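Below: the structure, in structure tokens.
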Amino acid sequence: MRILIADDDPLQREVLQGFLEKQGYAVLSAGDGAQALRLFRREPVQLVLLDQRMPGLSGDQVLAEMKALNPLARAIMITAHGAVDRAVRVMQLGADDFLEKPVDLLGLLEKIQSLEQTLAVAEDVAELRQETLPDAAPPEVIGDSPAMREVFSLVRRMAETPWSVLIRGETGTGKELIARLLHRLSPRHAAPFVEVNCAAIPEALFESELFGHERGAFTGAARQRRGRFELAQGGTLFLDEVGELPLPLQAKLLRALQEKRINRVGSEQDVAIDARVVTATHRDLRRLVEAGAFREDLFFRLNVFEIEVPPLRQRREDIPALVNAFVERYARRPTRLAPETLDALIKYAWPGNVRELEHVIQRSLTLARSNILRPLDLPAELRQLDVEVGTGPLQERLDAVECELLRAALEQAGGVQTRAAEALGISERVLRYKLAKHGLKGGTGGAP
Ligand SMILES: Nc1ncnc2c1ncn2[C@@H]1O[C@H](COP(=O)(O)OP(=O)(O)OP(=O)(O)O)[C@@H](O)[C@H]1O
Ligand SMILES: [Mg+2]
């Protein structure tokens, strides 16, 4: 376990660090909140010991940021003696435990060991769950974060009703998956789930797609065809990207929903429809309504209930389980993740949300050099060096970056100097010189 100590008192830092290192822990230390956050971003850290009172960023602020960055990291707050009310607040902020000053080292060790135990138990449970899952399980919607539990609870309650549901969320958050879940949990689950991507169907064909057509209704209509509304009879009609629907089609959709009847294109006779309508969009429909690009009456009809699927960066707790599921789905041989890899995955911002995560895992597994997925197997945007302006002499910081690059190159080259030198575009002699300068262990000379 790697522990980060953040305390502005150098003596306290030294005492804690010395003690914990003697117990066999890897320890990093920071003299203020900003430095602590920098280290936390860069290094995989499982536990943070935070002094609550520091100049600059307070322990509370640092804790809140760390939890946003990696909710799985554990934290113990160190508070002033007798400040029990503050300690309570600290726990509410997400600390796992607190200690009063002066720190009782054996008490600290006990708390750390019990946290380690809970981490190990959590891993066991995750493994067990994977093992007992039946092979033919339906495509699962993964998510144990408070935000996703809230979504599932909404879905469960809405599933029983006949009302329309609008699902909102950024691209790749799982809106379609939620729509399918809503159908599966509804009394209509035995009838079809029919999807229409409003953005993908040409405007001219939309009406016939949705409502069907009679033979000869227009050029190319060689036979009668039922539309998606009819195909979804008794079931659920999922209108994806509904925000892209042009205004004239919005009017037609609205009429169908109001009258619960449709006319096939080219037919006088109307057909009764019974489909529950679920829609999804990554656009802000209210804004579109204000701008006159979306009909307000249609909006109210589609939006009887609303589900907001939160972006992945607001539920980072879900990342490990999603990663496990995707590794299992795409790995062609048993593959594990190095702890640093999972750490990088948890801290990344995921603008493309779960879909981006899925693609990253798929791609990294294909390119991985061994059956352990290392940070170097991840795409470049996930392993960018943490270059912040910060403070300090330029040369020192350039050296730090150089050292980091050398280490990475050697790791990627499997410790073979010839290959590392080649990758860096320098001679082996220069590489050896630089390794010695940074006190790095050199790996081996030639090819394996
Ligand atoms: N909670 C989840 N558990 C498992 N897989 C998920 C989850 N959320 C999303 N996915 C996967 O991520 C991918 C994208 O999900 P989906 O298509 O439902 O997103 P979307 O919100 O409809 O995206 P878009 O806005 O781009 O249409 C799919 O492959 C889906 O299986
Ligand atoms: Mg979608």
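When a ligand or atom number is given, it counts from 1 through the structure's own listing order. Numbering of residues begins at 1 and proceeds along the displayed sequence. Values below: all heavy atoms of this structure, side chains included; hydrogens, waters and symmetry mates excluded. These figures come from a predicted structure and were not determined experimentally.
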Proximal atoms of ligand 1 relative to Leu322 (non-hydrogen, under 4.0 Å): 2 (C), 3 (N), 4 (C)
I need the atoms of ligand 1 closer than 4.0 Å to a non-hydrogen atom of Val141, numbered in the order shown. 1 (N), 3 (N)
Considering [options], which one's heavy-atom position lies nearest to [atom]?
{"atom": "atom 27 (O) of ligand 1", "options": "Arg180, Glu241, His282", "value": "Glu241"}
{"atom": "atom 28 (C) of ligand 1", "options": "His359, Met148, Glu358, Glu176", "value": "Glu358"}
{"atom": "atom 14 (C) of ligand 1", "options": "Glu170, Arg355, Arg283", "value": "Arg355"}

For [atom], what is the nearest protein heavy atom, given as residue, atom name and distance?
{"atom": "atom 23 (O) of ligand 1", "value": "Gly172 N, 2.9 Å"}
{"atom": "atom 16 (P) of ligand 1", "value": "Gly174 CA, 3.7 Å"}
{"atom": "atom 3 (N) of ligand 1", "value": "Ile142 N, 2.9 Å"}
{"atom": "atom 25 (O) of ligand 1", "value": "Lys175 NZ, 2.5 Å"}
{"atom": "atom 10 (N) of ligand 1", "value": "Val354 CG1, 3.3 Å"}
{"atom": "atom 4 (C) of ligand 1", "value": "Glu140 O, 3.5 Å"}
{"atom": "atom 7 (C) of ligand 1", "value": "Leu177 CD2, 3.3 Å"}

N-O pairing of Glu317 and Arg149 below 4.0 Å: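 Not counted as a salt bridge, because no side-chain N and carboxylate O are separated by less than 4.0 Å.
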Looking at OG1 of Thr279 and CD of Glu306, how far apart are the two atoms once the value is rounded to the nearest 0.5 Å?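 CD of Glu306 is found 9.5 Å from OG1 of Thr279.
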Residue that, paired with Glu195, satisfies salt bridge (charged side-chain N to carboxylate O under 4.0 Å, His left out) out of Lys175, Arg180, Arg228: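 Of the listed residues Lys175, Arg180, Arg228, the salt bridge (charged side-chain N to carboxylate O under 4.0 Å, His left out) partner of Glu195 is Arg180.
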Are the side chains of Glu209 and Val196 in touch, meaning some heavy atoms are under 4.5 Å apart? no
Any Ile112 side-chain heavy atom under 4.5 Å of Ile76 side chain: yes
Would Lys347 pass as a cation-pi partner of Phe40, given that its NZ or CZ must be under 6.0 Å from the six-membered ring centre and within 45 degrees of the axis?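 Flagged: Lys347 positioned over aromatic ring of Phe40.
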Which residue pairs pass the salt bridge (Lys or Arg N to Asp or Glu O under 4.0 Å) test with at least one member in residues 351-366, sequence neighbours excluded? Arg329-Glu358
Pair listing, salt bridge (Lys or Arg N to Asp or Glu O under 4.0 Å) test, anchored in residues 367-378, at least two apart: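 Applying salt bridge (Lys or Arg N to Asp or Glu O under 4.0 Å) to every pair that reaches into residues 367-378, excluding sequence neighbours, yields Arg369-Asp377.
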Would you sort out whether Asp32 and Leu57 count as a side chain to side chain contact (heavy atoms under 4.5 Å, CB included), showing the intermediate values? CA-CA 7 Å; Asp32 60 53; Leu57 285 176; over 6 Å; no
Can Gly143 be said to touch ligand 1, with heavy atoms closer than 4.0 Å?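 No.
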